[in-house]
Amino acid sequence: QVQLVESGGGLVQPGGSLRLSCAASGSIVGIYDMGWYRQAPGKQRELVADIARDGSTKYADSVKGRFAISRDNAKNTVYLQMNSLKPEDTAVYYCYADVLATGWRRITSWGQGTQVTVSS
């Protein structure tokens, strides 16, 4: 079993900042990619940012220059620093991890989701 626990969501005014964290635990041998998706009401889930084990990153065009993804491999944790937030960033944010679990099983695990609301 692999669990992902998220923290850091909340309500922020436009132009503000938030930092999301997601820690993986359980039967982990190693973690490949980690990242964040988001889903706004009435919209499809979209990839926000992804980071590989070697630190290479990918971002949605809508967040480039405003969001920064990072990870701490020793802590099995991924972070998403969100700056210059806009109302259209309002969504539930889900972290994920592509995990090599014990028994050499490769699985994708998901967090429970954390609400981010950008509003004045």
Side-chain angles (χ1 to χ4, degrees):
Q1 290 280 9
V2 176
Q3 299 82 37
L4 270 61
V5 178
E6 304 172 12
S7 60
L11 173 64
V12 64
Q13 292 187 342
S17 298
L18 282 175
R19 188 190 194 212
L20 305 182
S21 300
C22 175
S25 63
S27 304
I28 298 171
V29 174
I31 302 178
Y32 300 98
D33 284 42
M34 304 182 80
W36 298 87
Y37 274 77
R38 68 185 179 186
Q39 187 164 22
K43 294 188 177 181
Q44 289 188 330
R45 187 176 293 196
E46 64 171 348
L47 176 67
V48 177
D50 176 275
I51 184 166
R53 187 169 181 84
D54 64 2
S56 57
T57 58
K58 293 184 289 188
Y59 294 94
D61 288 343
S62 59
V63 307
K64 284 180 181 177
R66 300 188 298 120
F67 291 11
I69 190 170
S70 60
R71 64 189 283 175
D72 184 332
N73 290 331
K75 296 181 179 179
N76 290 335
T77 299
V78 62
Y79 307 95
L80 186 68
Q81 178 66 43
M82 304 185 293
N83 300 324
S84 303
L85 281 160
K86 304 175 181 180
E88 51 264 44
D89 295 317
T90 295
V92 178
Y93 285 69
Y94 299 89
C95 70
Y96 66 89
D98 185 10
V99 175
L100 181 63
T102 55
W104 302 105
R105 296 170 297 120
R106 188 163 179 172
I107 58 176
T108 300
S109 293
W110 292 88
Q112 77 282 5
T114 186
Q115 177 69 47
V116 171
T117 302
V118 184
S119 175
S120 55

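Keep in mind that what you see is a predicted model, and the values were worked out from it rather than measured.
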Roughly how far, to the nearest 0.5 Å, is the CG atom of Leu20 from the CD1 atom of Ile69?
-> 10.0 Å
Flag yes if Leu18 and Val63 sit in one hydrophobic cluster, no otherwise; membership is Ile, Leu, Val, Met, Phe, Trp, Tyr, and two members link when side-chain heavy atoms are under 4.5 Å apart.
-> yes
With the 4.5 Å side-chain cut-off for hydrophobic clustering, are Ile28 and Leu100 part of the same group?
-> no
How many angstroms lie between atom OG of Ser25 and atom NZ of Lys75, to the nearest 0.5 angstrom?
-> 14.5 Å
Work out which heavy atom in Tyr93 is nearest to a heavy atom in Glu6; give both atom names and the distance.
-> O-OE1, 2.9 Å
Minimum heavy-atom distance between Tyr94 and Gly111, given as atom pair plus value | CD2-O, 3.8 Å
Any idea which heavy atoms bring Ala97 and Ile31 closest together, and the distance?
-> CB-CG2, 4.1 Å
Ala91 to Ala40 - nearest heavy-atom pair and separation | CB-N, 3.8 Å
Atom of Ala52, atom of Asp50 and distance for their closest heavy-atom approach = N-OD1, 4.0 Å
Calculate, to the nearest 0.5 Å, the distance between atoms SG and OH belonging to Cys22 and Tyr96 respectively.
-> 11.0 Å
Can you measure from CZ (Arg71) to CZ (Arg53) and round to the nearest 0.5 angstrom?
-> 6.0 Å
Linked, directly or transitively: Val116 and Leu80 (ILVMFWY side chains, under 4.5 Å) | yes
d(Asp98 CG, Ser109 OG) to nearest 0.5 Å is 9.0 Å
State the NZ-CG distance between Lys58 and Asp33, to the nearest 0.5 angstrom.
-> 6.5 Å
With respect to Arg38, which candidate in Thr114, Thr90, Val92, Asp89 satisfies the side chain to side chain contact (heavy atoms under 4.5 Å, CB included) definition?
-> Asp89
Single-linkage hydrophobic cluster Trp110~Leu47, side-chain heavy atoms < 4.5 angstrom | yes
Arg105 and Val99, any side-chain heavy atoms less than 4.5 Å apart = no
Using the test salt bridge (charged side-chain N to carboxylate O under 4.0 Å, His left out), find all partners of Asp61 that sit at least two apart in sequence or belong to another chain.
-> Lys64
Between Val78 and Ile107, is there a shared hydrophobic cluster once you connect ILVMFWY residues whose side-chain heavy atoms come closer than 4.5 Å?
-> yes
Got a sec: does the CD of Glu88 have more than 12 other heavy atoms crowding it under 6.0 Å?
-> yes
Got Ser17 and Val12 here, is their nearest side-chain heavy-atom distance under 4.5 Å?
-> no
Before giving the answer on side chain to side chain contact (heavy atoms under 4.5 Å, CB included), spell out for Tyr79 and Asp72 the whole-Å C-alpha distance, their side-chain angles and the decisive distance to 0.1 Å.
-> CA-CA 8 Å; Tyr79 307 95; Asp72 184 332; 4.2 Å; yes
Heavy-atom pair with the smallest gap, counting every atom of Ser70 and Ile51 | CA-CD1, 3.8 Å
Are Phe67 and Tyr59 an aromatic pair by the rule of ring centers under 6.0 Å?
-> no
